[in-house]
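All ligand and atom numbering here is 1-based and tracks the order in the structure. The shown structure was predicted, so the numbers you read here are calculated from the model rather than taken from an experiment. Below, all heavy atoms of this structure are taken into account, side chains as well, without hydrogens, waters or symmetry copies.
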Amino acid sequence: MGDGSGRGSGKSSKPEWLQQYDLLGKIGEGTYGLVFLARIKSNANRGKSIAIKKFKLSKDGDGVSPTAIREIMLLREISHENVVLLVNVHINLVDMSLYLAFDYAEHDLYEIIRHHRDKVNQPINQYTVKSLLWQLLNGLNYLHSNWIMHRDLKPSNILVMGDGDEQGVVKIADFGLARIYQAPLKPLSDNGVVVTIWYRSPELLLGTKHYTSAVDMWAVGCIFAELLTLKPLFQGAEVKATQNPFQLDQLDKIFKVLGHPTPEKWPTLVNLPHWQSDVQHIQGRKYESPGLYNVVHLSPKSPAYDLLSKMLEFDPRKRITAAQALEHEYFRVEPLPGINVFATGQPGAVNYPTRPVDTTADFEGTTLLQPSQLVNSGNAVANNMAGSHGMANRSASRPMHMVGMPRMPTQAMGPYNMASQAGMGGGTNPGGLPLQRGVAPQSHQQQQLRRKDPGPGPTGYNPPQQKRRYG
Ligand SMILES: Nc1ncnc2c1ncn2[C@@H]1O[C@H](COP(=O)(O)OP(=O)(O)OP(=O)(O)O)[C@@H](O)[C@H]1O
């Protein structure tokens with residue numbers, strides 16, 4: 001293992017520590033980082049798939065802040081069946097890159113929802129919706145119990161494991177990164193990424209300084225509704241990454257469905273900066289609520305509607321918590337939630353496609369373009385994307401947690417010692433529910449590139465025509 005600089009690695013520009021992995025390609029791109037699929041080359045976990053998230057650190061200032069290091073060390077302590085496991089951390093001081101290696105998950109809710117909406121044109125099976133929601137809440141309850149707020153929950157951050165021991169198990173990704181994002185990371189330069197604010201809570205939109213874990217429960221409510229209808233519930237106009245949380249259009253979309261919040265129902269509303277400062281737009285407009293139950297097509301007396309409306313409570317202090325939600329009646333009536341969210345064998349079961357992999361990308365995220373691709377397509381990557389069938393054995397069996405996986409020697413991480421790996425204990429099951437184990441999904445299909453813009457679906461969901469990042 002070297003110093004992380006790549007020196008001594010011959011012609012390869014790959015840092016030495018990365019040489020324990022076979023890089024298979026790029027699977028995603030967010031505001032701050034690129035995500036790669038890699039496979040472990042040797043040791044007991046040989047063949048295991050890993051998602052490596054690479055961030056660019058800001059070269060301004062003092063490099064990696066102690067706060068960021070503390071946050072990352074904290075993330076290494078997190079261990080729960082519904083939270084994606086961080087298996088390795090590297091800081092390459094030469095090019096100021098931070099690499100986080102996570103357990104790989106084949107699916108995410110963004111793709112599952114999109115597949116139902118645009119491909120199979122049928123709702124998600126009720127068992128699957130309930131199991132997804134229960135496991136999401138279970139992971140979130142663990143994070144909140146450990147004083148970790150996610151702050152950026154959205155469908156693409158909610159992963160579901162593919163083939164293997166943990167098939168159909170939900171994993172929350174990107175948790176706790178919000179604090180690291182602030183500094184010292186810098187957004188990927190000019191990648192045209194547009195931030196979705198569809199899952200942002202009203203208190204954040206109105207500029208609260210003192211938010212709580214209730215912001216995550218609002219996002220869960222939005223995701224629950226989207227699982228039911230296959231459409232984002234509050235689809236405000238998205239914005240270029242900005243420090244300003246105030247988004248008038250997003251608030252407008254929320255009020256159109258839920259009606260106007262009032263100081264009677266939400267007493268601290270009057271203290272929120274944007275409620276005060278933008279009287280004309282925020283307080284002046286009058287909204288007629290069509291009733292949330294009409295929008296999500298639920299009976300107002302159903303347990304599902306009761307739970308959803310408690311997640312979408314305006315006042316964060318009255319909003320249901322993850323622990324309370326796990327105890328809700330919705331999870332105690334048939335169909336009961338299960339460990340494998342896929343429902344093969346049940347009505348409405350669906351085969352989900354595997355993740356597209358840009359097999360031409362290197363760890364810099366650089367795609368090697370052929371001249372003809374440059375001329376012909378505008379989407380040159382598409383020609384080089386492969387589903388799992390285009391690659392060797394993506395479905396190698398995966399142990400549940402990489403307990404025995406060696407951590408990187410500290411010299412690869414510069415001056416910081418991140419050797420701590422004590423667990424925080426296992427998961428909780430406050431609902432104490434007898435989770436059903438679903439049946440495995442069938443074999444994967446060849447699939448298309450995950451497009452930046454899925455285009456209008458049959459439901460009329462019509463995302464903006466620009467390069468963007470989806471929820
Ligand atoms: N552990 C993982 N296994 C498999 N795929 C992952 C994993 N973590 C993230 N991904 C996928 O990589 C893609 C990019 O993720 P990333 O978190 O960088 O971006 P994002 O969530 O879309 O946006 P942002 O990070 O800007 O909030 C997403 O499709 C996500 O589902």
Which atoms of ligand 1 have any heavy atom of [X] under 4.0 Å away?
{"X": "D152", "answer": "27 (O)"}
{"X": "D108", "answer": "29 (O), 31 (O)"}
{"X": "K53", "answer": "16 (P), 17 (O), 18 (O), 25 (O)"}
{"X": "L159", "answer": "1 (N), 2 (C), 3 (N), 7 (C), 8 (N), 31 (O)"}
{"X": "N157", "answer": "17 (O), 21 (O)"}
{"X": "F102", "answer": "1 (N)"}

Q: Report yes if the distance between the aromatic ring centroids of F234 and Y199 is under 6.0 Å, otherwise no.
A: no

Q. Centroid-to-centroid, H115 to Y110, below 6.0 Å?
A.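 No, the ring of H115 stays outside the 6.0 Å limit from the ring of Y110, centre to centre.
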
Using heavy atoms and a 4.0 Å limit, tell me yes or no: is [X] in contact with ligand 1?
{"X": "E29", "value": "yes"}
{"X": "E106", "value": "no"}
{"X": "K154", "value": "yes"}

Q: Could you tell me whether some N/O pair between A105 and ligand 1 is separated by less than 3.5 angstrom?
A: yes

Q. N/O to N/O below 3.5 Å, does that happen between Y104 and ligand 1?
A. no

Q: Enter the distance from M217:CE to T212:OG1 here, rounded to the nearest 0.5 Å.
A: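 M217 CE to T212 OG1: 10.5 Å, rounded to 0.5 Å.
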
**Q.** Nearest-0.5 Å distance, OG of residue S201 to CG of residue L153
**A.** 11.5 Å

Q.
If you take the nearest heavy atom of each of D174, L109, I158, L153, which one is closest to atom 25 (O) of ligand 1?
A. D174

Q) Who's closest to atom 9 (C) of ligand 1 heavy-atom-wise, of V160, I52, V35? A) V35

Between [X] and ligand 1, which part of the residue brings a heavy atom under 4.0 Å of the ligand: side chain, backbone, both or neither?
{"X": "D103", "result": "backbone"}
{"X": "S156", "result": "both"}
{"X": "L34", "result": "neither"}

Do side-chain atoms of [X] reach the backbone of [Y] as a donor and acceptor pair under 3.5 angstrom?
{"X": "R39", "Y": "L23", "value": "no"}
{"X": "E106", "Y": "D163", "value": "no"}
{"X": "K53", "Y": "F102", "value": "no"}

Q) Is the shortest side-chain N to carboxylate O distance from R355 to D108 below 4.0 Å? A) yes

Q.
Could you check whether any side-chain heavy atom of M311 comes within less than 4.5 Å of a side-chain heavy atom of W218, counting everything from C-beta outward?
A.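 Heavy-atom side-chain distance check fails, nothing below 4.5 Å.
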
Q: For I320 and L307, work out which heavy atoms get closest and say how close.
A: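 Reported closest heavy-atom pair: CD1-CD1, 3.9 Å.
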
